[in-house]
There are 2 protein chains.
Amino acid sequence: MSEKPYHHGNLKMELLEKGLAFVDEHGVEELSMRKLAEVCGVSSAAPYAHFQNKEDFLLQAQRFITEQFTETLQECMETVKDKKKILLELGKRYVLFFYENPSYYHFLFSHGRIELTEYPPYLLFAGVAEEAFSEMGVKKKARRKKMLALWSMVHGLSGLSAMKGVLEEDDLEKEIEGILNAVEI
Amino acid sequence: MSEKPYHHGNLKMELLEKGLAFVDEHGVEELSMRKLAEVCGVSSAAPYAHFQNKEDFLLQAQRFITEQFTETLQECMETVKDKKKILLELGKRYVLFFYENPSYYHFLFSHGRIELTEYPPYLLFAGVAEEAFSEMGVKKKARRKKMLALWSMVHGLSGLSAMKGVLEEDDLEKEIEGILNAVEI
DNA sequence: CTCTTAATCTTATCACTGTCAAGTTCAAAT
DNA sequence: ATTTGAACTTGACAGTGATAAGATTAAGAG
């Protein structure tokens, strides 16, 4: 029993999930629509019923993990009460996410597919920073600059954390915290 | 006269140059060894006499522009006398390079091809920072953290500057300077 | 100058890729 | 029960990285 039915039933979602798992294991370069189709037990043209083309698939896959990422950050925001620490904690979560999913960093930012001004994690970070700096009495013109500086640092550090061997890994959280605290905002 | 000679004479160099020009114009994704061969007026298999494979070509192309980039930074180091300003100026040059060559940012850092601990611009920056912080009386343990923080910021900001529409472009140097100065080292 | 050699390049071919047109199946609405 | 449209398969196409086998020629040895 359970001969494969002609209609998969949940193909789009499975393509995204298996695709991301594949990227996580072998990297983006290795991913092909045909292999992906095979992994899902489906013919090589089947994915094109759900995605316009490979680029579209990659784009939607990026959205998919960006949503997860954004949720992680949002969760972090709700957990941390201390408004003075929230920027640091958010930064830490940001960096840690890419430490835990190194291949996602390349996947997300390699191909210039992301429009920063529509990138939820950035918008979220920018919002929190705006609020925090505002409360700290930072003047309006300076806020944007500080925010960009901080975001650049956090995002740049994420790139570092995605490479093995740069950060000290025995107490990673402390390491990240130390680096982010090494400059005064 | 000037029938194409069987032997090109300078193919390897031309492949690198035309290849980089192509990347700059159309992006890495569009580049294929065959198109590249055609651009150089040579058969599709000819490049493989000079490069093991596409990956090898990309790697050597990266080295090629990394050299130029490193030279720019070195030049900057020699020009700026004021040791207090050197880190800022170096950061500015770093960011500006990728503003001027946006496609290079993706080209260099997309595919995880670069080993940071062997990446000359990083080593150069790390060296200058070490010296600067040392002179500023920063204690040894803190130096590394400050350096990583600063480098992350500079490198992350480079990513920003490679996207159009994020940085204000009417007086870019001042903009970059403002951001890098928005945090205290 | 001739011969040899090894680097450079061409031709032909392979397996693989993204993608599409045409046909097949089947769930659900009419 | 019939229709319809979405989800799939099959089979094809051009383009890709790569290799083997052979052609060309620059440069050195005799």
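Per chain, numbering begins at 1; letters A, B, ... match sequence-line order.
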Exercise. Under 4.0 Å between a side-chain N/O of S44(A) and OP1 or OP2 of dG18(C), yes or no?
Worked result: no

For this session: Have a look at the helix from dC1(C)-dG30(D) to dT30(C)-dA1(D) and give the angle its two end axes make, five pairs each, rounded to 10 degrees.
Result: 0°

For this session: Would you kindly give the NZ-to-C1' distance between K35(B) and dA14(D), to the nearest whole Å?
Result: 12 Å

For this session: Measure the distance from CD on E29(B) to P on dT16(D) and round it to the nearest whole Å.
Result: 14 Å

Problem set entry | Presence of salt bridge, K92(B) and E89(B), under 4.0 angstrom | yes

Exercise. To the nearest angstrom, how far is L36(B) atom CG from dG17(D) atom P?
Worked result: 9 Å

For this session: Verify the ring-centre separation between H155(A) and Y122(A): is it less than 6.0 angstrom?
Result: no

For this session: Examine the side chains of E169(A) and Y99(A) and answer whether a donor and an acceptor come within less than 3.5 Å of each other.
Result: yes

For this session: Would you indicate whether the side-chain heavy atoms of F133(A) and L150(A) approach each other to under 4.5 Å?
Result: yes

Exercise. Among the nucleotides dT17(C), dT11(C), dC20(C), which one has an atom lying closest to any side-chain atom of R34(A)?
Worked result: dT17(C)

Exercise. Within the structure shown, what part of the strands sits under 4.0 Å from S43(A) by heavy-atom distance: base, sugar-phosphate, or nothing?
Worked result: base

Problem set entry | Parallel, tilted or perpendicular: rings of Y119(A) and F69(A) (30°, 60°) | tilted

For this session: Enumerate the residues from residues 46-56 of chain A whose closest heavy atom to DNA chain D is under 4.0 Å, giving them by residue number; use none for an empty result.
Result: A46(A), H50(A)

For this session: Measure across L36(A) and F57(A) and return the closest heavy-atom pair with its distance rounded to 0.1 Å.
Result: CD2-CZ, 3.4 Å

For this session: Under 4.0 Å between any heavy atoms, over every strand shown, what does K12(B) touch: base, sugar-phosphate, or nothing? Just pick one.
Result: nothing

Exercise. Rounded to whole angstrom units, what separation is found between the CE atom of M33(B) and the C1' atom of dC9(C)?
Worked result: 14 Å

For this session: Grab the CD-P distance between E38(A) and dC8(D) for me, whole Å please.
Result: 17 Å

Exercise. Between dT17(C), dC9(C), dT11(C), which nucleotide gets closest to the side-chain atoms of V42(B)?
Worked result: dC9(C)

Seminar exercise, completed: Of all heavy-atom pairs linking S158(B) and Y94(B), the shortest is OG-CD2, 3.1 Å

For this session: Would you indicate which nucleotide in dA21(C), dC9(C), dC8(D) comes nearest to any side-chain atom of A45(A)?
Result: dA21(C)

Exercise. Starting at CG of L31(B) and ending at P of dG15(D), how long is that distance when rounded to a whole Å?
Worked result: 16 Å

Exercise. Just how far, in rounded Å, is P of dC8(D) from CD of E14(A)?
Worked result: 10 Å

For this session: Search all heavy atoms of P121(A) against all heavy atoms of T66(A) and return the closest pair with its distance.
Result: CD-CG2, 3.7 Å

For this session: Answer whether the closest heavy-atom distance between the side chains of L160(A) and S152(B) falls below 4.5 Å.
Result: yes

